[in-house]
Amino acid sequence: MNAPMNSLGNAQYRHIATHRIAGSLGAEVSGVDLSQDLPDAVLAEVRAALLAHQVIAFRDQTITPDQQLTFARRWGEIHLHPFMKGMPSHPEILAIIKRPTDKKNFGGSWHTDQMFSPNPAMGTMLYALEVPEAGGDTLFTNQYLAYESLSDGMKAMADTLRTVCVGDNFKQMDGRSRVDRYAGQMSEMTVKDPGNVQTTSIHPLVRTHPETGRKALYVGNHVQRFDGFTDAESEPLLNFFMQHSTRPEFTMRFRWQKGTLLLWDNRCVQHFAINDYDGDTRVMHRITICGDKPF
Ligand code: SIN
């Protein structure tokens with residue numbers, strides 16, 4: 001249940017306050033100290049804020065990996081990345097690190113997390129430990145708006161399409177696996193073989209959010225083609241959906257500060273980590289929370 005809105009579109013809560021970041025999505029949440037175990041009533045408002053704004057930011061937090069994990073577990077089971085090794089001390093946390101000599105960044109394309117899994121991640125939580133002086137922002141795009149702004153004809157067709165989502169999507173491009181492609185590119189991140197974890201899945205192009213009941217486009221760089229279509233047939237249609245779903249008016253650009261924790265809802269947003277800070281350092285702790293099978 002969403003809290004009532006004031007004239008600025010910010011909801012009136014009892015325990016927290018929200019301030020919208022962009023016209024399309026995103027809000028900063030104040031009144032919460034994530035180093036403490038949150039009372040249920042506070043967590044219920046934070047959940048309402050996430051459902052209302054899709055991406056929520058908590059500024060000026062000082063938390064340990066254990067405290068981040070405690071907060072994450074309030075949302076559900078922790079999802080382990082099939083391709084990336086977690087921190088030795090906390091395997092559930094992926095340290096996203098780019099050092100001055102690294103050229104590649106992690107997450108530098110439009111995507112939604114673990115779309116290749118049969119039950120993709122419901123949410124992702126990123127905590128900023130070190131940020132570049134400038135750059136390293138993350139872009140988000142609202143996939144409810146992307147769906148709702150389609151014509152009736154395109155909506156009717158989109159409703160029937162299913163996507164083939166592939167985790168090791170680079171392999172199809174040039175024959176190299178993720179392990180080969182990332183080798184030596186991100187000095188402090190380790191790619192692993194997923195073993196027998198399922199990393200190819202078929203999902204509806206339009207999914208219904210299990211909590212809000214709204215329809216959203218569900219597309220991103222893990223989509224290889226449409227189910228039942230050839231690559232050549234899929235390409236123009238996929239290009240259209242990728243371009244449409246990332247139109248500027250659906251997006252928000254998030255500027256990080258050290259101590260910010262961001263939580264986003266992968267069921268209705270795509271994101272893109274901008275790689276524009278060569279020679280600088282960016283360090284994040286990321287936890288993903290398990291989700292449901294899209295329908
Ligand atoms: C990701 O794709 O999860 C990384 C996002 C970021 O580092 O901003």
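Order of listing sets the numbers, starting from 1, for every ligand and every atom in it.
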Using the side chain to side chain donor-acceptor pair (under 3.5 Å) rule, pick out the option among Lys155, His244, Glu249 that qualifies with Ser149.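 Testing Ser149 for a side chain to side chain donor-acceptor pair (under 3.5 Å) against Lys155, His244, Glu249 leaves exactly one candidate, His244.
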
N/O pairs closer than 3.5 Å, ligand 1 and protein:
{"from": "ligand 1", "atom 1": "2 (O)", "to": "His111", "atom 2": "NE2", "distance (Å)": "3.0"}
{"from": "ligand 1", "atom 1": "2 (O)", "to": "His271", "atom 2": "NE2", "distance (Å)": "3.0"}
{"from": "ligand 1", "atom 1": "3 (O)", "to": "Arg286", "atom 2": "NH1", "distance (Å)": "2.6"}
{"from": "ligand 1", "atom 1": "7 (O)", "to": "Arg282", "atom 2": "NH1", "distance (Å)": "2.8"}
{"from": "ligand 1", "atom 1": "7 (O)", "to": "Arg282", "atom 2": "NH2", "distance (Å)": "3.4"}
{"from": "ligand 1", "atom 1": "8 (O)", "to": "Thr138", "atom 2": "OG1", "distance (Å)": "2.6"}
{"from": "ligand 1", "atom 1": "8 (O)", "to": "Arg282", "atom 2": "NH2", "distance (Å)": "2.8"}

Side-chain donor-acceptor contacts of residues 287-295 below 3.5 Å, not counting sequence neighbours, with atom names and distances?
{"from": "Thr288", "atom 1": "OG1", "to": "His79", "atom 2": "O", "distance (Å)": "3.2"}

Residues Thr124 and His271: side-chain donor-acceptor under 3.5 angstrom: no

Donor-acceptor pair, Ser234 side chain versus Phe226 backbone, under 3.5 Å?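 Here the side-chain-to-backbone pair exists.
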
Can you list everything that forms a salt bridge (Lys or Arg N to Asp or Glu O under 4.0 Å) with Asp159? Sequence neighbours excluded, please. Lys215

Across all chains, not counting sequence neighbours, the ring-ring contact (aromatic ring centres under 6.0 Å, His included) partners of His203 are Tyr218

